[in-house]
Amino acid sequence: MPKKSPDLRVRTKAFALRVMRLVDTLPATRSGDVIGKQLLRSATSVGANYRAACRGRSPAEFVAKLGVVEEEADESAYWFELLTEGGLVKPEALADLHAEAGEIVAMVVASIKTTRNGTR
């Protein structure tokens, strides 16, 4: 199995913490509550599933868990889009978080491809 990146462990945890702080600032509206809960679940799942992937017992298990990480990071990006397009948060306030979600997706996809190809 490929070497796991401590940097990605740190980044996914920091991502979750930043989203936690963001969700606490969302307006107390029905939309804010529902999207906030969905975002909180997906963003915190990114780091949790990456940690699970790092404990994978085989390359197949590692890749499967990374697939979940990819899905959750991409889902988080979707919730960021709804927050801005729905007028709940200004786009510039989410630009860094949205970019981080995209970077996490890109790194995870690269790791999946590397593992499937059996290269490091």
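Nothing here was measured: the structure is a model prediction, and the numbers come from that model. Hydrogens, waters and symmetry mates play no part in the numbers below; they use all other heavy atoms, side chains included.
- When all heavy atoms are compared, the tightest approach of Ala53 to Phe62 is O-CD1, 3.1 Å.
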- Task: Report the C-alpha separation of Val19 and Val46 in whole Å, then their side-chain angles, then the decisive distance to 0.1 Å, and conclude whether the side chain to side chain contact (heavy atoms under 4.5 Å, CB included) test is met.
- Result: CA-CA 11 Å; Val19 169; Val46 171; over 6 Å; no
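- Annotation: the span from Gln38 atom CD to Glu75 atom CD amounts to 6.5 Å, rounded to 0.5 Å.
- Between the side chain of Asp74 and the main chain of Glu70, no donor-acceptor pair closer than 3.5 Å is present.
- Here the OH atom belonging to Tyr78 is positioned 8.0 Å from the CD1 atom belonging to Ile35, to the nearest 0.5 angstrom.
- For Arg11 and Glu103, the salt-bridge test passes: some basic side-chain N is under 4.0 Å from an acidic carboxylate O.
- Smallest separation of non-hydrogen atoms from Ala101 and Ala73: CB-O, 3.8 Å.
- The CG atom of Leu17 sits 7.0 Å away from the NZ atom of Lys13 when rounded to the nearest 0.5 Å.
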Please determine whether side chain to side chain contact (heavy atoms under 4.5 Å, CB included) holds for the pair Arg18 and Asp96, giving the CA-CA distance in whole Å, both sets of side-chain angles, and the decisive distance to 0.1 Å. CA-CA 10 Å; Arg18 289 174 63 198; Asp96 287 345; 3.4 Å; yes
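- Put simply, Val34 and Val23 are part of two different groups of oily side chains (I, L, V, M, F, W, Y) that touch within less than 4.5 Å, one to the next.
- A single hydrophobic cluster is not seen to contain both Leu83 and Val105; linkage of ILVMFWY side chains at heavy-atom distances under 4.5 Å, directly or through other members, places them apart.
- The shortest heavy-atom contact between Glu72 and Ser45 is CG-OG, 3.4 Å.
- In the hydrophobic clustering of ILVMFWY residues, with side-chain heavy atoms under 4.5 Å counting as a link, Leu26 and Leu94 come out together.
- Of all heavy-atom pairs spanning Phe15 and Ala43, the tightest one is CE2-CB, 3.8 Å.
- Nearest heavy atom pair, residue Leu40 against residue Thr44, reads O-OG1, 2.7 Å.
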Are Leu39 and Leu82 close enough, and set up right, to give a side chain to side chain contact (heavy atoms under 4.5 Å, CB included), and what steps lead you there?
CA-CA 10 Å; Leu39 174 59; Leu82 284 184; over 6 Å; no
>> Arg116 vs Lys113, test: side chain to side chain contact (heavy atoms under 4.5 Å, CB included). Steps then yes/no.
In response: CA-CA 5 Å; Arg116 284 185 177 150; Lys113 288 179 182 177; 5.8 Å; no
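- Inter-residue side-chain proximity for Leu8 and Val108 is flagged as met; some heavy-atom pair is nearer than 4.5 Å.
- A distance of 4.0 Å separates NE2 in His98 from CD in Glu81, rounded to the nearest 0.5 Å.
- In the hydrophobic clustering of ILVMFWY residues, with side-chain heavy atoms under 4.5 Å counting as a link, Val109 and Ile104 come out apart.
- Cluster membership check: Phe80 shares its hydrophobic cluster with Met107, using side-chain heavy-atom separations under 4.5 Å among Ile, Leu, Val, Met, Phe, Trp and Tyr.
- Contact detail for Val69 and Tyr50: the closest heavy-atom pair is CG2-N, 3.4 Å.
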